[in-house]
Colleague: 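I'd like to ask some things about the structure below.
In what follows, every chain begins at residue 1, and chains take the letters A, B, ... in the order their sequences are listed. Only heavy atoms go into these numbers, but all of them, side chains included; no hydrogens, no water, no symmetry mates.
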2 protein chains.
Amino acid sequence: MADASLWTALADPHRRAIIALLLERPRPVGEIVEACGLSQPSTSKHLKVLREAGLVRVRQDAQRRVYALAPAPIAELDAWLAPYRRLWNTSLDKLGRRLDEAPDDPEEPVTKD
Amino acid sequence: MADASLWTALADPHRRAIIALLLERPRPVGEIVEACGLSQPSTSKHLKVLREAGLVRVRQDAQRRVYALAPAPIAELDAWLAPYRRLWNTSLDKLGRRLDEAPDDPEEPVTKD
DNA sequence: CAGTTATATGCCCGTCAAGGAATTCGAGCC
DNA sequence: GGCTCGAATTCCTTGACGGGCATATAACTG
């Protein structure tokens, strides 16, 4: 399905930020523009990429376009992840189980996104 | 949150292919070169990116460098995914409800362009 | 119908990443 | 020590991507 474009879409930090915004709730473009500090055209272009990757859906509300998350592709990501999850569950058990249980993992400093 | 370089690294299809190869078993560079049909230098560069993203680690075996998966960053991805997983698990329908908050929605097609 | 708001597109430019060829570095081998 | 194999690094070119500005389009408003 959206393989390539999915990864490409998520590769951009601004787009991930948009995705995160939409996780809270659906938002019109104007709000997204304001939130991510880009120009409106740039934001629209990012939204287009996300749309084409199937990551967001649009609903038209008067002149507004309200964007919302479309979770399916993220499920795809999850599916992609599955084999690897098996891997780190077994071979990296010593690392201290799930990362979310060890927020500051000494071996792998998590840099800010 | 996932390091930017992690996403960048995974954004490239060749690199995802390499990752998939290493999922089966660790491999020396030569094998990877052969498998992904790139030149050796290009492959080495991809491996460098993966290395710097922390996705793979190298073991030196005589003149060979054997690459293997380092699953931790993938766990990071999984962590990133978590909130979204909640979203599509609990509420494909809930999302639909939010999309339908305006019941007179003239059914906006996703504008796939 | 003209005007305004909200968003999308086109164009231009700067940057960056990817790929190949040549070169270099490192480790074994004769 | 010189040679060879395996891999990494450098240089260069090219193409894609991101950003802004100006403009087009669509929908509501008076």
Side-chain angles (χ1 to χ4, degrees), chain A residues 2-19 21-22 25-68 113, chain B residues 3-19 21-22 26-68 99 101-102 104-113:
Chain A
D3 326 330
S5 60
L6 174 61
W7 288 102
T8 308
L10 289 174
D12 186 273
H14 285 135
R15 287 194 289 260
R16 288 200 300 278
I18 292 176
I19 291 285
L21 276 175
L22 296 183
R25 65 167 183 278
R27 296 174 194 259
V29 177
E31 249 181 68
I32 302 173
V33 167
E34 203 177 335
C36 68
L38 284 177
S39 71
Q40 175 267 315
S42 289
T43 307
S44 261
K45 278 183 248 182
H46 283 304
L47 288 170
K48 180 178 188 175
V49 174
L50 292 172
R51 235 187 300 138
E52 286 172 350
L55 279 162
V56 299
R57 314 184 72 91
V58 205
R59 171 176 60 91
Q60 187 145 6
D61 170 40
Q63 313 105 312
R64 293 204 183 87
R65 310 272 182 113
V66 179
Y67 280 81
D113 196 2
Chain B
D3 187 1
S5 64
L6 174 62
W7 288 101
T8 306
L10 290 173
D12 186 274
H14 285 135
R15 287 195 288 261
R16 288 199 302 278
I18 293 178
I19 291 286
L21 276 175
L22 296 182
R27 296 174 193 261
V29 177
E31 249 181 69
I32 302 174
V33 167
E34 202 177 337
C36 68
L38 284 176
S39 71
Q40 176 266 315
S42 289
T43 306
S44 260
K45 278 185 258 181
H46 284 304
L47 287 171
K48 180 178 189 175
V49 174
L50 291 171
R51 231 187 301 136
E52 285 172 350
L55 279 161
V56 299
R57 59 184 204 285
V58 206
R59 170 176 58 91
Q60 187 144 6
D61 170 40
Q63 313 105 316
R64 292 203 182 85
R65 311 271 182 114
V66 179
Y67 279 81
L99 280 175
E101 268 171 9
D104 52 313
D105 191 345
E107 191 28 58
E108 173 70 9
V110 184
T111 63
K112 256 290 186 182
D113 280 47

Colleague: In whole angstrom, give the distance that lies between atom CZ of B:Arg51 and atom P of D:dA7.
Modeller: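 Whole-Å distance recorded here is 12 Å.
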
Colleague: Round to a whole Å and report the spacing from CH2 of A:Trp7 to P of D:dC17.
Modeller: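 Spelled out: CH2 on A:Trp7 to P on D:dC17 is 17 Å.
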
Colleague: Between B:Ser39 and C:dG20, is there a side-chain N or O to OP1/OP2 distance below 4.0 Å?
Modeller: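 Indeed, a polar side-chain atom of B:Ser39 lies that close.
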
Colleague: Just how far, in rounded Å, is C1' of D:dA16 from NE2 of B:His14?
Modeller: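 B:His14 atom NE2 is separated from D:dA16 atom C1' by 15 Å.
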
Colleague: What is the separation between atom NZ on B:Lys45 and atom P on C:dA17, rounded to the nearest whole Å?
Modeller: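 Rounded to the whole Å, the gap is 12 Å.
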
Colleague: Using whole Å, what does the distance between atom P of nucleotide C:dT4 and atom CZ of A:Arg64 come to?
Modeller: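 Atom CZ in A:Arg64 sits about 18 Å away from atom P in C:dT4.
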
Colleague: Which comes earlier along DNA chain D counting from the 5' end, the contact point of A:Gln63 or that of A:Gly37, where each point is its nearest nucleotide?
Modeller: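 Result: A:Gly37.
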
Colleague: Can you tell me whether the side chain of A:Gln40 and the base of C:dA8 have a donor-acceptor pair closer than 3.5 Å?
Modeller: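 Counting by modelled atom types and ignoring angles, a donor-acceptor contact under 3.5 Å is found here.
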
Colleague: Does a side-chain N or O from A:Tyr67 land closer than 4.0 Å to OP1 or OP2 of C:dA6, or not?
Modeller: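 Negative; the distance criterion is not met.
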
Colleague: Which value, rounded to the nearest 0.5 Å, describes the distance between B:Glu31 atom CD and B:Arg64 atom CZ?
Modeller: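 B:Glu31 CD to B:Arg64 CZ: 9.0 Å, rounded to 0.5 Å.
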
Colleague: Any sub-3.5 Å donor-acceptor pair from A:Arg16's side-chain atoms to A:Ala11's backbone N or O?
Modeller: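 Yes, the answer is positive, given that a donor and an acceptor are paired below the 3.5 Å cut-off.
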
Colleague: Think A:Arg15 has a side-chain N or O under 4.0 angstrom from the OP1 or OP2 of D:dG18?
Modeller: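 Answer yes for this pair, as a side-chain N or O of A:Arg15 is under 4.0 Å from OP1 or OP2.
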
Colleague: Keeping the roles fixed (side chain from B:Thr43, backbone from B:Ser39), state whether a donor-acceptor pair exists under 3.5 Å.
Modeller: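 Checked: pair present.
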
Colleague: B:Ser42 or A:His46: which one's nearest nucleotide on DNA chain D is closer to the 5' end?
Modeller: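 In this pair, the answer is B:Ser42.
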
Colleague: Quickly work out the A:Lys48 NZ to D:dG19 P distance and round it to whole Å.
Modeller: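 Result: 15 Å.
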
Colleague: Could you state the CG-P distance from A:Asp12 to D:dC17, rounded to the nearest angstrom?
Modeller: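 Going from A:Asp12 (CG) to D:dC17 (P), I get 11 Å.
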
Colleague: Please confirm whether the backbone N or O of B:Leu21 pairs with a side-chain atom of B:Arg27, one donor and one acceptor, at under 3.5 Å?
Modeller: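 The answer is yes, because a donor-acceptor pair under 3.5 Å joins these two groups.
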
Colleague: D:dG20, C:dG19, D:dA27: which one has an atom nearest the side-chain heavy atoms of A:Leu38?
Modeller: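 Given the options D:dG20, C:dG19, D:dA27, the side chain of A:Leu38 is closest to D:dG20.
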
Colleague: Of all the nucleotides listed (D:dG18, C:dT7, C:dA8), which has the minimum atom distance to the side chain of A:Leu47?
Modeller: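 Closest of the options to the side chain of A:Leu47: C:dA8.
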
Colleague: Separation of B:Asp61 atom CG from C:dA27 atom C1', in whole Å?
Modeller: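 Roughly 11 Å, once rounded to whole Å.
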
Colleague: Indicate whether the side chain of A:Ser5 and that of A:Thr8 have a donor and an acceptor atom separated by less than 3.5 Å.
Modeller: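 Their side chains do not contain a donor-acceptor pair, so the 3.5 Å distance test is not met.
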
